[in-house]
Amino acid sequence: MKAKWLPISAAVIMALGSASASAVDFHGYFRSGVGISQDGDMQTIAKNKVGRLGNEDDTYSEIQLGQEVYNKGGKSFYVDSMFAMASNGSNDWEATNGDGTKVGRDGDGADFALRQFNVQAKGLFGGNEVTWAGKRYYQRHDIHIADFYYWNISGAGAGVEQIQAGPGQLSFAWVRNDRAASEGTGVDGALNVNTLDARYAGIPLWSEASLELGVDYALVNPTDAQDAQNSNLKNGVMLTAELTQALLGGFNKTVLQYGTEGYSKSFAFYGDGSWYGAEAQDGADGWRIINHGVVSFGDSWDLSHQLVYGVGNEMWNGNDSWTAMSAVVRPVYKWNDTMKTIFEAGYGKDTNKSVGGAEADGTYQKYTVAQAFAAGKGFWARPELRVFASYVKGGEAMGPTFNGGQDDNTYNFGVQAEAWW
């Protein structure tokens, strides 16, 4: 793996830096650390439901390199790239062999991925619009404290964005979001799914408030053989409306989403619109309401929160409905410019109702306290070093268990670093 990746990285750096090394944009993200529990390795619980603080045991990193390679006459071209690595952080040497097998202690190695590589051209049609093609993160909407992306169709595609139209801006994109052969569509081989996306953002409302509207259309494109295997593969529509309000030195967002057919699973399983449940029953639909934000109370307190309630109906044969709810709150007390104490509490519940009326529940709980040291006083200041202790608990029939299924709760202790630049 080392022999393959180093030349690739060197080639990217040389290509992007050929015009002017000082003009290369260098960005990145990483998180990593170490933790233990009373049951051995650190035990995590669904962070999109109960929050991520003291609930991440992985190493994840992104390295982004980009450069404007042309700018003349009001037209510019920008090349962007990003490579990522993910591992469980269990040992020093974590890699992947050329045949895809992982190497490292107990066979736990690392996954490497090309997350972005695209060209963005600005002003080709005389305005400030951006025309792009390639693989990219596309206008992602997320809740940071839960690492929860609720609107994110990122992938390989093409589009035009930031088209000024009245008070707001229009964006159009075509992105490929295929289903893998192992993901239960009832057909042999990967299923081709194309997402058509249209958005109108920056619609001004009252003071310091704006609205964004979007529609995503999942176009299923099976082969003739796949269509013969499962003729129930249908296209679907997802509608999103997001209201953003500036509040107390931060923001509050309220999101409403509705989807038909395969999008019904997005709202039951904390999906983002990039994964399409093409095997859904006829007439399947779902909806979700989200409220989240970050605010400040004086100079010493910050508060972030997440509230989620979603329902998916008739997502597969025998399913009547699946309800998912989550509440996470993270208050932060700032002692000075570099030291803070962070608390985070999260609760989630799932309810699965079968066509016959039987119900099964699952509950998730997590409570964390952390002492943190950051490069600045603000909520978003990074890098940040954290020493944390967490209590996690599952409940009901569908809730998580620990210690090989013997316990429904455990304690974690660890140290983590997180940075972006």
Side-chain angles (χ1 to χ4, degrees), residues 9 13 16 21-35 42 44 47-48 51-67 80-87 89 92 115-116 137 140-149 244 246-253 292-306 328-346 366-390 412-421:
S9 301
I13 293 172
L16 293 177
S22 62
V24 173
D25 296 322
F26 175 46
H27 304 285
Y29 170 84
F30 92 90
R31 63 174 179 264
S32 185
V34 62
M42 184 173 167
T44 61
K47 61 182 177 180
N48 53 5
R52 67 194 300 178
L53 183 68
N55 193 29
E56 294 176 313
D57 62 351
D58 62 339
T59 292
Y60 179 77
S61 62
E62 297 174 338
I63 298 297
Q64 184 174 7
L65 299 171
Q67 185 180 49
D80 203 11
S81 68
M82 177 185 286
F83 298 92
M85 185 276 284
S87 77
D92 173 35
R115 301 301 306 274
Q116 300 193 75
Y137 288 168
R140 305 188 305 169
H141 294 237
D142 73 300
I143 304 174
H144 172 72
I145 61 171
D147 199 21
F148 169 35
Y149 288 82
T244 301
L247 182 68
L248 296 175
F251 67 90
N252 182 272
K253 294 189 177 186
H292 70 100
V294 178
V295 296
S296 295
F297 297 98
D299 190 51
S300 298
W301 285 95
D302 289 331
L303 178 68
S304 182
H305 79 280
Q306 163 183 300
V328 184
V329 61
R330 181 191 289 190
V332 181
Y333 181 76
K334 299 171 284 186
W335 297 91
N336 51 46
D337 287 344
T338 57
M339 186 173 71
K340 61 184 72 172
T341 300
I342 310 173
F343 306 92
E344 187 172 272
K366 191 219 66 175
Y367 307 93
T368 300
V369 59
Q371 190 64 30
F373 304 88
K377 198 171 186 179
F379 181 87
W380 304 103
R382 301 293 187 276
E384 188 170 87
L385 296 168
R386 308 159 182 153
V387 180
F388 64 84
S390 295
N412 291 315
F413 173 78
V415 182
Q416 186 190 46
E418 183 181 46
W420 52 64
W421 63 93

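The structure presented is a predicted model; accordingly, all values stated were derived computationally and were not measured.
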Begin from the C-alpha positions of Glu56 and Phe388 and carry the test side chain to side chain contact (heavy atoms under 4.5 Å, CB included) through to its verdict. CA-CA 11 Å; Glu56 294 176 313; Phe388 64 84; over 6 Å; no
Flag, side chain of Thr338 to backbone of Ala375, donor-acceptor distance under 3.5 Å: no
Shortest non-hydrogen contact between Glu62 and Ala84, atoms and distance: CG-CB, 4.1 Å
Contact summary for Ser390 and Gly54, nearest pair of heavy atoms: OG-O, 3.0 Å
Side chains of Leu303 and Val329: does their closest heavy-atom pair fall under 4.5 Å? yes
Closest heavy-atom contact between Gly66 and Asp80? CA-OD1, 3.9 Å
With a 4.5 Å cut-off on side-chain heavy atoms, are Val415 and Leu385 touching? no
Calculate, to the nearest 0.5 Å, the distance between atoms CE and CZ belonging to Met42 and Phe413 respectively. 11.0 Å
Shortest non-hydrogen contact between Ala374 and Ala381, atoms and distance: CB-O, 3.9 Å
Could you please spell out the steps behind the side chain to side chain contact (heavy atoms under 4.5 Å, CB included) verdict for His144 and Val294? CA-CA 10 Å; His144 172 72; Val294 178; over 6 Å; no
Atom CE in Met82, atom CD in Gln116: separation rounded to 0.5 Å? 4.5 Å
Residues at least two apart in sequence or cross-chain that pass side-chain hydrogen bond (donor to acceptor under 3.5 Å, both in side chains) with Thr244, listed by chain then number, are none
Starting at OG of Ser61, measure out to CE of Met85 and round the result to the nearest 0.5 Å. 4.5 Å
What's the separation between atom CG in Asn48 and atom CG in Asp147, rounded to the nearest 0.5 Å? 8.5 Å
Relative to each other, are the rings of Trp420 and Tyr29 parallel, tilted or perpendicular (30° and 60° limits)? parallel
Look at the aromatic rings of His292 and Phe251 and report parallel, tilted or perpendicular, splitting at 30° and 60°. perpendicular
Side-chain heavy atoms of Phe373 within contact of Trp335, under 4.5 Å: no
Run the side chain to side chain contact (heavy atoms under 4.5 Å, CB included) check on Arg386 and Glu418 step by step: do they pass? CA-CA 8 Å; Arg386 308 159 182 153; Glu418 183 181 46; 2.5 Å; yes
What pair of heavy atoms forms the shortest contact from Gln306 to Ala146, and how long is it? OE1-CB, 3.0 Å
Heavy-atom side-chain contact between Leu53 and Lys366 under 4.5 Å: yes
About how many Å separate CG of Leu65 and NE2 of His27, when rounded to the nearest 0.5 Å? 9.0 Å
Can you name the one residue among Asp302, Asp299, Asn336 that meets side-chain hydrogen bond (donor to acceptor under 3.5 Å, both in side chains) with Lys377? Asp299
Show your working on side chain to side chain contact (heavy atoms under 4.5 Å, CB included) between Tyr333 and Trp301 and close with a plain yes or no. CA-CA 5 Å; Tyr333 181 76; Trp301 285 95; 3.4 Å; yes
Side chains of Gln64 and Tyr137: any donor to acceptor distance under 3.5 Å? no
For Gly89 and Thr59, which heavy atoms make the closest approach, and how far apart are they? CA-OG1, 3.9 Å
Rounded to the nearest 0.5 angstrom, the CD-CZ distance for Glu384 and Phe379 is 8.5 Å
